[in-house]
Each structure stands twice: as structure tokens, then as C-alpha cells.
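Beneath this line is the structure, given in C-alpha cells, with notes to follow.
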Amino acid sequence: MYRSYHTNGTNGSIFIEGKTEPLCYSIELPWRDNKRNISCIPEGVYKLHVRVSKKHHLHLQVCGVPARCYILIHKGNNAAQDLKGCIAVVSKLTGPGTGIDSDAALQLLTNYALRDEVLGIPLTLTILAGSCLQETKK
């Protein structure tokens, strides 16, 4: 995932399996020194696990985040309203920390994750600073 940082939110492009076009996009809270509930997580490489809960249904958990726990990838279209330090996936970005069609994006991402989990392929998320692809195509 390549991230673009903004005052009101963080946007990202999520790529899988070396493809050149993003599978979907991400929205997060702005960077606020990795503070719990108010900041996106630091750049790095993290293990992912498929998870199910009553609140978020089928989603992913990001493991190994320094000084943080239960960082999830779940649905949400507005980082300020829907997130407390987690990552939401969207089909299209509409502004810093906002997007649309989160349900479709999460279903697409979890389908790939479930397939890889069944095949025994480790799931990882690499977060890097960089240009969020959709933002550069405006």
C-alpha cells in the first residue's frame, strides 16, 4: 500500500500480487505519532489474518503494529467518523480520508485474503509513503 498524507486524513492505494493497478484504495486517520484511536499506523510490514466479529463481520486484522493492538481493515467511507486507528478500504477516493463503495472494496480484498489463506500463502501488508495512484490521476 502506498500512502498520501493529508491534514484531514490519509489515503492509500492497495496493490496485490505485483499488479500495476490498485485492487482498491484505503482511508485512514491522519498521522498523529501512532497515538491510539486518533492516528494511522506507522509504515512497515505487517502480518494479516482473516477475522470475523459481530461488529465488522468478515474483515482483516493487522498484526505486529508497534504499541497498538486490534488494528483492523474493515469497511468505512469516512475516516473521521468510522475509524479509531483502523484502516478502511474503498472503491474510490473522494477526498482526504473519505471514499465510497467500501462494502465492495472489502469484499474484493477479503476474497483474495481467503483464497491465499486456504492455499497456505502468508498474508502481509506493506505500507510505504508514496503517491496514492488515484490522487495523481485527477
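Please read these numbers as outputs of a predicted model, since none were measured by experiment. Sequential numbering from 1 along the given sequence is applied to the chain's residues.
Rounding to the nearest 0.5 Å places CZ of R3 at 12.0 Å from OG of S13. Rounded to the nearest 0.5 angstrom, I71 CD1 and C63 SG are separated by 10.0 Å. Here SG of C40 is found 7.5 Å from CG of L29. Values are rounded to the nearest 0.5 Å. For the atom pair CG (N37) and CZ (R32), the distance works out to 11.5 Å, reported to the nearest 0.5 Å. Note that CG of L60 and CD1 of I87 are 9.5 Å apart. Values are rounded to the nearest 0.5 Å. To the nearest 0.5 angstrom, L83 atom CG is 12.0 Å from S39 atom OG.
Side-chain contact between D101 and V90 is absent, with no heavy-atom pair separated by less than 4.5 Å. Taking the side chain as every heavy atom from C-beta outward, I41 and V62 approach each other to under 4.5 Å. Counting heavy atoms from C-beta on, the side chains of H6 and P30 never come closer than 4.5 Å. In this structure, the side chains of P22 and I14 stay at 4.5 Å or more apart for every pair of heavy atoms.
Under the 4.5 Å side-chain contact rule for hydrophobic residues, V65 and L48 share a cluster. No chain of hydrophobic side-chain contacts below 4.5 Å, direct or via other Ile, Leu, Val, Met, Phe, Trp or Tyr residues, connects I16 to V45. No chain of hydrophobic side-chain contacts below 4.5 Å, direct or via other Ile, Leu, Val, Met, Phe, Trp or Tyr residues, connects L108 to Y25. Hydrophobic clustering (side-chain heavy atoms under 4.5 Å, transitive across Ile, Leu, Val, Met, Phe, Trp, Tyr) keeps F15 apart from Y112.
Among pairs with a residue in residues 36-54, none fulfils salt bridge (Lys or Arg N to Asp or Glu O under 4.0 Å), at least two apart in sequence or across chains. Evaluation of the salt bridge (Lys or Arg N to Asp or Glu O under 4.0 Å) test over residues 56-82, restricted to residues two or more places apart or in two chains, returns K75-D103. Residue pairs meeting the ring pair (Phe, Tyr, Trp, His ring centres under 6.0 Å) criterion with at least one member in residues 75-106: none, sequence neighbours excluded.
For T110, the side-chain hydrogen bond (donor to acceptor under 3.5 Å, both in side chains) criterion is met by no residue, not counting sequence neighbours. For Q81, there are no side-chain hydrogen bond (donor to acceptor under 3.5 Å, both in side chains) partners at least two apart in sequence or on another chain. Residues that satisfy the ring-ring contact (aromatic ring centres under 6.0 Å, His included) test with H56, not counting sequence neighbours, are H59, H74.
In terms of modelled atom types and a separation under 3.5 Å, the side chain of N78 and the main chain of A80 share a donor-acceptor contact. Not a single donor-acceptor pair under 3.5 Å links the side chain of N11 to the backbone N or O of S4. Of the possible donor and acceptor atoms, one in the side chain of S102 sits under 3.5 Å from a partner among the backbone N and O of V89.
With side-chain heavy atoms closer than 4.5 Å counting as contact, directly or through intermediates, the hydrophobic cluster containing Y5 also holds W31.
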task: Please lay out, stage by stage, how V50 and L58 fare under the test side chain to side chain contact (heavy atoms under 4.5 Å, CB included).
output: CA-CA 7 Å; V50 176; L58 182 63; 3.5 Å; yes

task: Go through L93 and I27 one step at a time and tell me if the side chain to side chain contact (heavy atoms under 4.5 Å, CB included) criterion holds.
output: CA-CA 8 Å; L93 296 167; I27 58 171; 3.7 Å; yes

Show me the side-chain donor-acceptor pairs of residues 115-130 shorter than 3.5 Å, one per line, residues at least two apart or across chains.
| residue | atom | partner | partner atom | Å |
| --- | --- | --- | --- | --- |
| R115 | NH1 | E17 | OE2 | 3.4 |
| R115 | NH2 | E17 | OE2 | 2.1 |

